[in-house]
Amino acid sequence: MKKIYLQLKWIFAYTKSIIWFLIPNICISGILAGIGVYTAILSKSLIDSATSGNLDLVVKYLVFMGSLFLVDIVLSSILSLSSTYCSTKFQNQIQKDVFQHVIYAKWLEHHKYHSVNFLTRINNDVATITNLVTSTLVKVISLSITFITSFYTLIYLDATIAILSVLIAPIFLVISILFAKKLKVTYNEIQDQAIKYNSFIQEALQNIMIVKAFCTETKSLSLLDALQKRKLELNLKANSLNLRSSTALLFCSYLTYFIILSIGGIKLAKGLITFGSLTALFQLFNNIQEPLSELAYMVPGIIKSFASIERLMEIEDMNLEESIPSVLSIQSIPLTIHFDHVSFSYMDERPILSDITLEIHSGETVGLIGTSGSGKTTLIRLLLALATPTSGSILISAGHSTESIASIHRELISYVPQGNTLFSGTLKDNICYGYRNATLLEIEEACRLACAWDFIEQLDNQLDTVIGEKGIGLSEGQAQRIAIARAFLRIRPILILDEATSSLDMDTEMHILNGLKQLHQQPICIIITHRPSALSLCHRVYKLENHKLNQVD
Ligand SMILES: Nc1ncnc2c1ncn2[C@@H]1O[C@H](COP(=O)(O)OP(=O)(O)OP(=O)(O)O)[C@@H](O)[C@H]1O
């Protein structure tokens, strides 16, 4: 119960932002529903006037009905436009909040979900919830208005038929709730399957070169076949549940219709009601039946929406990074980094780093070596506050100010990570990623220091050359040099190069590392490398071995 209360609270908080558009929409829907009921009454009067030969009244009713149809068309158009505005605004708001939560969440929290899982939640679940508020809710209200007004009009025309028409409501409710529970489980399975399916396609496309190089095209297709088979099974299961519930609903609906048809027919034959009344009776009966069955059909959708709310609330439960305002600024020089008896393990609690103590001062270049998997990148992640030490502390000090490491300190760091980390877009977009307002001169200088300017100049569109995802269109070495230029342009007091030159030839590597000395302010430089030549430029070299850090040079 508490869960439902929290979910309702969540959805109402978002609904507030569009309430002033939603209320007019509900009003317009109500007016349209009223027009529908009133048309039934008018058609009764029109038919009765026609059968009694009163042409004047027939013309009057026709003009009135024609005007109502025009009002219906205008209001429907306004409703359509306003609904689009409302649903897009609502969807954007939730998507922005979820995205914001994801990007501000702790880095390690991201490991709980596949990126496609996030994407599916941000797209599908948000769309389902948007539909609930901007369409289903409005429909429920307008259908209720149609139902209530039709019921009262029908009571006035024929109380027996009115009561018979609503007797079916509890049966509809029981049927839909019975099936809705099973449907919720199936919808969750479908959603999980959709995530697996999309993740498989995304990863195959991202690693298309590996698929080809390992000749796994056929195997990939058979995996896709298996996933599609499961998708088909689940869709059929959901459809069969839907079908069983809708057949049961349809049967009840036809049964009531048949009873009312018989009563109406007998009453007309006995002259107890007029022909016009019978027509209005059927129209009003439809106005009662339709909302009832539509509301019954909506129940599974509403339950599905609550499953979606649950999934989005789960994302919002991800722990956020602390962002303590820093007293240090990028001008705070000289800086000192202190690792004080730092130990660290990931969630599996395997020790990665143990009792690390280290101090690095501005202007120093420190080399970090160690076998693969020894924890070099992990040490950098701690410095970047992507992960928090299990024990010990990391401090940054400038003059008399000393602070423990927090996310805000990333403003002090420029970083070249391992691997290809470029975005699709132009080279200039990539290079200026951390400093959007850089001048052409600054960009050129950063590129020259990163030994990237020579090859950029030779490209037809130079800095405006468009590259694909993960820098497709560039060689590994070129991509690395663009990543280095990106870090050089974002001038910061700490610079970290994590195997940033691994794809470059030795000369280019030395050129770049020597270029570090020409950077405007002499940053603290931490270089992770396996190359002895690069280490010769370092003031000190540390080796990570058996979770410990030892100075080797
Ligand atoms: N996100 C993570 N979750 C759990 N364990 C991790 C994670 N990232 C790395 N590890 C583990 O931590 C250990 C150290 O990894 P790390 O990437 O720091 O090593 P490295 O020295 O940088 O290796 P390489 O030279 O190959 O890049 C490895 O055993 C690895 O399995």
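In listed order, ligands and their atoms are each counted from 1. Atoms considered below: every heavy atom in the structure, side chains included; atoms not considered: hydrogens, waters and symmetry mates.
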Pairing of Arg448 and Glu444 as salt bridge, 4.0 angstrom limit: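 Here Arg448 pairs with Glu444 in a salt bridge, since their nearest N and O are under 4.0 Å apart.
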Ion pair Glu233/Arg230, N-O distance below 4.0 Å: yes
At less than 4.0 angstrom from any non-hydrogen atom of [X], what atoms of ligand 1 do you find?
{"X": "Gln418", "value": "27 (O)"}
{"X": "Arg381", "value": "8 (N), 9 (C)"}
{"X": "Ser374", "value": "19 (O), 21 (O)"}
{"X": "Glu499", "value": "25 (O)"}
{"X": "Thr378", "value": "14 (C), 15 (O), 16 (P), 18 (O)"}
{"X": "Thr371", "value": "21 (O)"}

Ring centers of Phe118, His110 separated by less than 6.0 Å: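 Yes - the distance between ring centres of Phe118 and His110 falls below the 6.0 Å cut-off.
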Which residue and non-hydrogen atom of the protein lie closest to [atom], and at what distance in Å?
{"atom": "atom 1 (N) of ligand 1", "answer": "His111 NE2, 2.8 Å"}
{"atom": "atom 23 (O) of ligand 1", "answer": "Gly373 N, 2.8 Å"}
{"atom": "atom 9 (C) of ligand 1", "answer": "Tyr346 CE1, 3.6 Å"}
{"atom": "atom 26 (O) of ligand 1", "answer": "Ser372 OG, 2.6 Å"}
{"atom": "atom 17 (O) of ligand 1", "answer": "Thr377 CB, 3.7 Å"}
{"atom": "atom 25 (O) of ligand 1", "answer": "Lys376 NZ, 2.8 Å"}

Ile103 atom CD1, neighbour heavy-atom count above 12 within 6.0 Å: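 Counting neighbours around CD1 of Ile103, more than 12 heavy atoms of other residues, nucleotides or ligands fall under 6.0 Å, so yes.
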From CA spacing to verdict: side chain to side chain donor-acceptor pair (under 3.5 Å), Arg486, Thr421: CA-CA 11 Å; Arg486 176 174 68 186; Thr421 51; 2.8 Å; yes
4.0 Å heavy-atom contact, Leu544 with ligand 1: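 Not so, Leu544 does not reach ligand 1.
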Proximity flag Arg350 to ligand 1, non-hydrogen atoms under 4.0 Å: yes
May I ask you to check whether [X] has an N/O atom sitting below 3.5 Å from an N/O atom of ligand 1?
{"X": "Trp107", "value": "no"}
{"X": "Leu108", "value": "no"}
{"X": "Gly375", "value": "yes"}

In terms of side-chain heavy atoms, does [X] have a donor or acceptor partner in [Y] at a distance below 3.5 Å?
{"X": "Glu359", "Y": "His338", "result": "yes"}
{"X": "Thr377", "Y": "Asp498", "result": "yes"}
{"X": "Glu203", "Y": "His114", "result": "yes"}
{"X": "Asn131", "Y": "Thr128", "result": "no"}

Side chain, backbone, both or neither: the part of Leu379 lying under 4.0 Å from ligand 1 by heavy atom: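 Contact part for Leu379 vs ligand 1: neither.
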Full working for side chain to side chain donor-acceptor pair (under 3.5 Å) between Trp453 and Glu445: CA-CA 8 Å; Trp453 191 247; Glu445 194 191 351; over 6 Å; no
Phe423 and Tyr433 aromatic ring geometry - parallel, tilted or perpendicular at 30°/60° bounds: parallel
